[in-house]
Each structure stands twice: as structure tokens, then as C-alpha cells.
Peer 1: 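Attaching a single structure in C-alpha cells format; questions to follow.
In what follows, residues are counted from 1 in the order of the sequence shown. Only heavy atoms go into these numbers, but all of them, side chains included; no hydrogens, no water, no symmetry mates. Note that the structure is a prediction, hence the values are computed from the model and not measured.
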Amino acid sequence: FPLYSWDHIKRHSGRLRKISLVTLTGVIQFFSGIGLIISGIPLLLYSADVLQFPRDIHLILTFVLALSLALHKISEK
């Protein structure tokens, strides 16, 4: 997901120079995707039952990503 976000940012870089809801939600998607990968690796290796903190972070970032996707979809482009 972060690679898709980065490609999308590079393709629309001219339009994204000004701060808008679309820009903000795109940046949030990029960083939450990276956070999901980073928090997901220990969960994959050691199971979600063992590691409480990465599990909570992963859950929160999942909802952040879903909310930012919804806001990105309905925002004015």
C-alpha cells in the first residue's frame, strides 16, 4: 500500500503542492501503510497473543487507514 501511495503522490505531484483534504488524507494513508507493515512484521513472526503493543498499534492504524480512505474518496478533488 505505501508503494501505491508513493506512486500516486509522484503522479499527481503538481496538483498536490497546495494543502488540501486530498493531500492530507493521502499522506496519512502513506504513513499508516508504513506503520501497518512495521507493526505487522512482529505480529507475523511472534503472534498477536504475545505482543500487546504492536497489536494495538496495528488495530489503530487499520482504522486510521480506513477512515483516511473514506475521506479521500469523498473529498473534493
Side-chain angles (χ1 to χ4, degrees):
F1 200 83
L3 291 175
Y4 171 77
S5 294
W6 183 249
D7 182 54
H8 195 68
I9 288 169
K10 287 189 342 185
R11 190 173 14 160
H12 297 290
S13 63
R15 192 175 76 190
L16 298 175
R17 299 243 184 254
K18 60 181 179 171
I19 304 280
S20 67
L21 186 60
V22 174
T23 306
L24 182 63
T25 56
V27 170
I28 290 171
Q29 288 173 25
F30 177 71
F31 285 112
S32 64
I34 290 173
L36 283 167
I37 290 171
I38 291 171
S39 66
I41 291 171
L43 295 176
L44 181 66
L45 294 175
Y46 301 109
S47 133
D49 297 332
V50 176
L51 303 169
Q52 180 72 25
F53 184 67
R55 184 180 68 190
D56 293 342
I57 295 298
H58 199 79
L59 182 64
I60 290 167
L61 286 175
T62 301
F63 288 114
V64 167
L65 181 62
L67 181 62
S68 68
L69 283 170
L71 284 173
H72 195 78
K73 181 72 175 170
I74 64 172
S75 63
E76 187 176 319
K77 294 180 171 63

Peer 1: Can a donor-acceptor pair be found, under 3.5 Å and without considering hydrogens, that links the side chain of Thr23 to the backbone of Ile19?
Peer 2: no
Peer 1: Could you give the distance from CG (Leu67) to CD (Gln29), rounded to the nearest 0.5 Å?
Peer 2: 10.0 Å
Peer 1: Testing the basics here: between Ser39 and Ile57, what is the closest heavy-atom pair and its distance to 0.1 Å?
Peer 2: CB-CG2, 4.3 Å
Peer 1: Is it the case that one hydrophobic cluster holds both Val64 and Leu59, taking links as side-chain heavy atoms less than 4.5 Å apart, direct or via other members?
Peer 2: no
Peer 1: By side-chain hydrogen bond (donor to acceptor under 3.5 Å, both in side chains), which residues pair with Thr25, not counting sequence neighbours?
Peer 2: His72
Peer 1: Please answer: with hydrophobic residues joined when any side-chain heavy atoms are less than 4.5 Å apart, are Leu51 and Leu45 in the same cluster?
Peer 2: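 Yes, it is one cluster - the side chains of Leu51 and Leu45 are joined through contacts under 4.5 Å.
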Peer 1: Applying side chain to side chain contact (heavy atoms under 4.5 Å, CB included), name anything that partners Leu36, two or more places apart in sequence or on another chain.
Peer 2: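 Once residues adjacent in sequence are excluded, the partners of Leu36 under the side chain to side chain contact (heavy atoms under 4.5 Å, CB included) criterion are His58, Leu61, Thr62, Leu65.
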Peer 1: Between Leu24, Ile28, Val27, which is the residue that forms a side chain to side chain contact (heavy atoms under 4.5 Å, CB included) with Ser68?
Peer 2: Ile28
